[in-house]
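Below, chains carry the letters A, B, ... as their sequence lines are ordered, and counting in each starts from 1.
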Amino acid sequence: MTTPMDVPESSQHADPEAVTAGAENAAGRSLRQIAWQRFRRDKVGMAGGIVVLFLILVALCAPLLTTWFGQPPNQFDQRLIDPLTGGVLRDPDDTSRGLDPWGGISAQHLLGVEPVNGRDLFSRIVHGARTSLLVATVATLVCVLIGTVLGVLAGYFGGWVDTVIGRAMDIFLAFPLLLFAIALVGVIPDGAFGLEGNNLRIGVLVFIIGFFNWPYIGRIVRGQTLTLKEREFVEASRSLGASSGHIVFREILPNLITPILVYSTLLIPTNILFEAALSFLGVGINPPMATWGGMLENALRFYTIAPHFVLIPGLAIFITVLAFNLFGDGLRDAFDPRSSD
Amino acid sequence: MSTHHFTRQGPHRWRRLLRRTTAPAAAGTALTLLLAACGGAGGGGGGGESDAEFNEGETTIVNPSDETGGTLRYAIAADFDSPDPGNTYYAFSWNFSRYYARTLLTYTEAPGEQGIELRPDLAEEMPQGNDDSTEWTVRIKQGLRYEDGTEITAQDIKYAIARSNFGDRALPNGPKYFQDLLANSDDYEGPYADGGDPLEGFDGIETPDDHTLVFHLNTSFSEFPYLLIQPQTAPVPADADRGEQYQSHVISSGPYKFDGEYRPGVSLNLVRNEEWDASSDPTRRALPDRVEVQLGVDQNEIDQRLVNGELDVDLGGAGVGPAMRGTLIADEGQRHNVDNPQGNTLRYLNVNTVVEPLDDLACRQAILYAADRDALQRAWGGDTGGDIATQIMPGALPGADPSIDPYPSEDGRGDLEMAQEKLEECGEPDGFSTSIGARADRPSDVSTAEALQQALARVNIETQIKQYPSDTYTNTQAGSPDFVHENDLGLTVYGWAPDWASGYGFMSKILDGDAIQDAGNSNISELDDDQINEWFDEVVAVEDEEERAQIYQRIDERAMEQAAILPAVFERTVLYRPTNLTNVYYHAGYSMYDYMALGTTRE
């Protein structure tokens with residue numbers, strides 16, 4: 001099916017100078033190419049992006065890493081622990097030498113060990129990254145899916161559709177999410193939806209985070225759709241008798257990919273924090289599976305005798321959230337330089 | 001034997017307060033914590049000089065003194081459920097309310113086991129029971145007066161019991177033992193019902209004259225005197241009662257009275273009550289001139305102020321918070337100002353006797369053999385957190401026998417060979433799987449579950465940890481047999497403290513088959529053993545205390561053999577003892593310092 005407006009996307013955004021520069025550049029550069037060039041110049045954004053890539057790699061290779069270092073994440077080693085205070089001993093063979101202020105950091109335990117039961121912190125942090133990123137990413141996908149569909153519907157059709165969806169967004173945004181999460185986790189019986197144990201918990205977390213955070217994306221998509229549907233190429237398409245389905249899928253959606261991509265990158269860190277908060281409150285993943293929020297909660301009791309135990313998961317959350325935010329900011333600036341002015 | 005379904009209240013506040021929960025929102029806290037951790041927590045400045053030793057207050061009275069005067073400063077992170085003696089179930093409140101509310105009987109002022117012996121307070125002498133312990137007569141002392149100078153009468157005590165136990169509008173917080181136990185009172189609608197004489201129809205207690213009370217029980221109950229130490233037996237003049245609002249000015253019968261400006265959640269101050277007669281009172285020293293309580297202070301702030309000498313007592317009595325705990329124990333300069341007494345709280349796991357395959361005794365015993373007691377103790381904070389428990393009853397209770405140890409092992413690390421043998425016996429030689437329930441917002445509960453999971457995995461018993469919020473845990477999750485069955489909760493982490501210091505007060509709710517309930521159940525292992533049930537039925541009619549103690553010991557032993565409970569530790573608290581405090585000692589009845597004995601040397 002060919003319509004006059006169904007021209008290749010790249011030519012819509014062709015650089016006017018490219019035409020005059022000669023045949024070599026006649027194809028011009030696509031928006032994506034331009035953005036990539038801008039992004040490469042943004043050192044902070046690049047740094048964020050590299051850290052994000054690194055984290056994803058670490059999370060994917062977590063089991064490999066822990067086998068490599070020989071420290072399974074859930075294995076106790078109470079020989080390293082002072083039974084009186086629960087702190088980490090300086091020397092496991094000589095309790096009189098007191099506690100190790102560095103929490104047992106050594107070649108064997110790269111980030112030291114947990115107080116009380118002596119589990120390896122490096123391995124738990126690495127496995128925690130898996131949980132955090134998995135929950136945050138899947139939850140973000142859910143947000144994006146629901147947000148985009150409803151946002152486009154509201155923006156494109158307007159009228160009562162917009163009103164209904166708009167009110168729904170208000171309701172979801174006003175929902176006391178944390179309290180709801182706490183209540184829900186207590187009520188859902190094991191084996192619900194054919195899921196058990198931590199699979200169920202992960203499912204519930206993804207549902208809660210994804211299902212209640214979609215209005216943020218939804219509002220942005222709706223706003224973009226509202227402007228896009230007034231644009232000339234949409235008008236033209238419509239005047240030529242294109243169906244709504246065609247306009248939405250072929251004209252509007254391709255132009256929404258950029259903002260959606262940017263905002264989901266910015267949503268991931270929010271969701272990481274939310275997952276950490278839920279684990280911190282004890283309604284997240286069940287122990288002994290490692291999560292950053294859960295580690296932080298556990299660490300609270302020991303901040304005077306084992307400060308490393310608070311610092312390490314705290315820093316992990318901090319670095320991850322920061323990296324995603326910088327990366328997301330960088331992406332936004334690259335795709336839409338006006339927004340940073 | 002329905003008489004054992006005493007409290008209709010849910011799970012006990014009394015116990016709930018023993019643990020404190022911290023659940024601030026994560027995101028902001030993370031940063032605060034980072035800062036706090038970096039700032040470090042050096043030792044406090046106000047340590048001061050003292051000859052006392054570490055944990056001296058558990059066994060002796062530290063800084064004995066008769067010196068009066070000064071202001072005693074209390075603070076607490078929470079609030080009273082109510083300072084009204086008829087409307088409270090918190091242990092600290094039962095201890096503190098003695099300042100202004102005298103009860104029929106009271107505990108003895110003494111450290112150690114002697115402390116839980118009962119003695120008369122308002123009563124002239126110990127109550128007399130009839131032959132089958134269904135009728136108890138108490139005479140009260142003559143000439144005792146309230147703060148306004150009017151005399152305390154037996155009718156006022158009867159009224160106080162009525163308002164806290166009977167009718168739809170009875171004060172909600174306290175236990176309801178009297179309601180369950182008193183005869184001829186089923187139709188009584190309580191003093192707040194409309195019209196007429198408030199005590200009309202309340203025939204469970206007779207008052208033949210102004211100084212005599214006769215309690216008629218609907219069953220034999222030889223431990224009835226223990227109920228008479230409840231603050232509910234403190235007299236309340238009927239015309240001063242304003243229901244739950246009575247808390248704003250409780251009419252004092254003790255050495256102190258409200259200064260008239262109680263602000264719930266903020267502060268409560270007490271001044272001397274001149275009408276109190278010291279010679280009539282065996283247990284209150286009444287040394288300070290003034291008592292001040294600050295309510296709702298952050299726990300970390302309380303701990304810091306205690307160490308700095310800006311505060312005298314943490315009213316809650318559950319000890320310093322976990323952060324200060326590590327600091328104090330590790331600090332040689334502070335250790336002598338620290339008490340680390342064993343309380344009456346047992347930390348344990350219920351081993352459910354209904355869920356498969358744990359309905360088989362040998363499978364339950366395999367768990368008790370495989371458990372690593374040393375690791376469980378570490379989960380509770382090691383030696384300062386509690387003593388490894390091999391029996392059920394805490395050491396201070398009559399009949400407790402630490403030599404009960406049916407599942408011994410080297411260093412408490414577990415006997416894996418015996419465990420394997422038991423697994424074969426129950427037809428699960430390759431192990432089995434079950435779940436461990438724990439309260440998510442209680443880190444020690446979770447650590448306990450993790451430690452047990454590791455230990456059981458050694459004999460291929462695979463466990464899955466399931467976390468629940470502590471608000472609903474005792475009532476609708478662990479406390480609901482249906483929920484336990486549906487979620488395969490073979491093991492549940494729990495804690496228990498007695499309402500009164502006896503084997504009955506401790507074990508009847510958690511081991512008596514007749515105590516199993518659909519919700520708010522405390523017999524979570526659902527142990528319904530004929531022999532144990534029979535002993536509980538029998539013991540309430542036994543008059544001799546020694547003989548009762550022996551029965552409790554047998555119940556304890558039998559329950560251990562039945563492997564219905566996996567005891568972890570008898571909890572120890574870490575209490576800071578400021579040097580200006582006098583007559584400081586740990587009271588076994590309240591599981592905290594005896595507040596009536598305390599004085600201060602600070603002006």
Novice: Between B:Ala375 and chain A, which part of the residue has a heavy atom less than 4.5 Å away: side chain, backbone, both or neither?
Specialist: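 Answer is both: backbone and side chain atoms of B:Ala375 are under 4.5 Å from chain A.
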
Novice: Checking heavy atoms, do the side chain of A:Asn74, its backbone, both or neither come under 4.5 Å from chain B?
Specialist: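 It is both, since atoms from each part get that close.
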
Novice: Using a 4.5 Å cut-off on heavy atoms from C-beta on, say whether the side chain of A:Ile312 contacts that of A:Phe122.
Specialist: no

Novice: Which atoms of B:Gln467 come close to chain A, meaning under 4.5 Å heavy atom to heavy atom: side chain ones, backbone ones, both, or neither?
Specialist: both

Novice: With only heavy atoms counted, which part of B:Ala449 is less than 4.5 Å from chain A, the side chain, the backbone, both or neither?
Specialist: neither

Novice: Ring pair (Phe, Tyr, Trp, His ring centres under 6.0 Å) with A:Phe211: which residues, sequence neighbours excluded?
Specialist: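 Residues passing ring pair (Phe, Tyr, Trp, His ring centres under 6.0 Å) with A:Phe211: A:Phe172, A:Phe207.
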
Novice: What residues of residues 126-138 of chain A make heavy-atom contacts with chain B at a cutoff under 4.5 angstrom?
Specialist: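 Hits under 4.5 Å: none found.
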
Novice: I'd like to check the side chain to side chain donor-acceptor pair (under 3.5 Å) partners of B:Arg458; sequence neighbours left out, ordered by chain and number.
Specialist: none

Novice: Check whether A:Ile272 gets within reach of chain B through its side chain, its backbone, both or neither, counting any heavy atom under 4.5 Å.
Specialist: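 Neither part; nothing is under 4.5 Å.
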
Novice: Between the side chains of B:Gln477 and B:Asn487, is a donor N or O closer than 3.5 angstrom to an acceptor N or O?
Specialist: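 The answer is no; no qualifying pair exists.
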
Novice: Atom CG of A:Leu89 and atom CZ of A:Arg79: how far apart are they, to the nearest 0.5 Å?
Specialist: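 A:Leu89 CG to A:Arg79 CZ: 10.0 Å, rounded to 0.5 Å.
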
Novice: Is chain B contacted by the side chain of A:Phe302, its backbone, both, or neither, given a heavy-atom distance below 4.5 Å?
Specialist: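 For A:Phe302, neither part sits under 4.5 Å from chain B.
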
Novice: Testing B:Val355, B:Leu452, B:Ile461, B:Ile524 one by one against B:Leu491 for a side-chain contact (heavy atoms from CB on, under 4.5 Å), which residue passes?
Specialist: B:Leu452

Novice: Looking at B:Glu462, I want to see if its CD is surrounded by more than 12 non-hydrogen atoms of other residues, nucleotides or ligands under 6.0 Å.
Specialist: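 Yes - once you tally the heavy atoms of other residues, nucleotides and ligands closer than 6.0 Å, there are more than 12.
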
Novice: Do the side chains of A:Leu322 and A:Leu326 get nearer than 4.5 Å, heavy atoms only?
Specialist: yes

Novice: Can you tell which part of B:Glu450 gets under 4.5 Å to a heavy atom of chain A, answering side chain, backbone, both or neither?
Specialist: both

Novice: Could you tell me which residues satisfy side chain to side chain donor-acceptor pair (under 3.5 Å) with A:Asn271, sequence neighbours excluded, listed by chain and number?
Specialist: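 Testing A:Asn271 for side chain to side chain donor-acceptor pair (under 3.5 Å), a comparison that skips the adjacent residues, returns A:Thr140, A:Asn213.
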
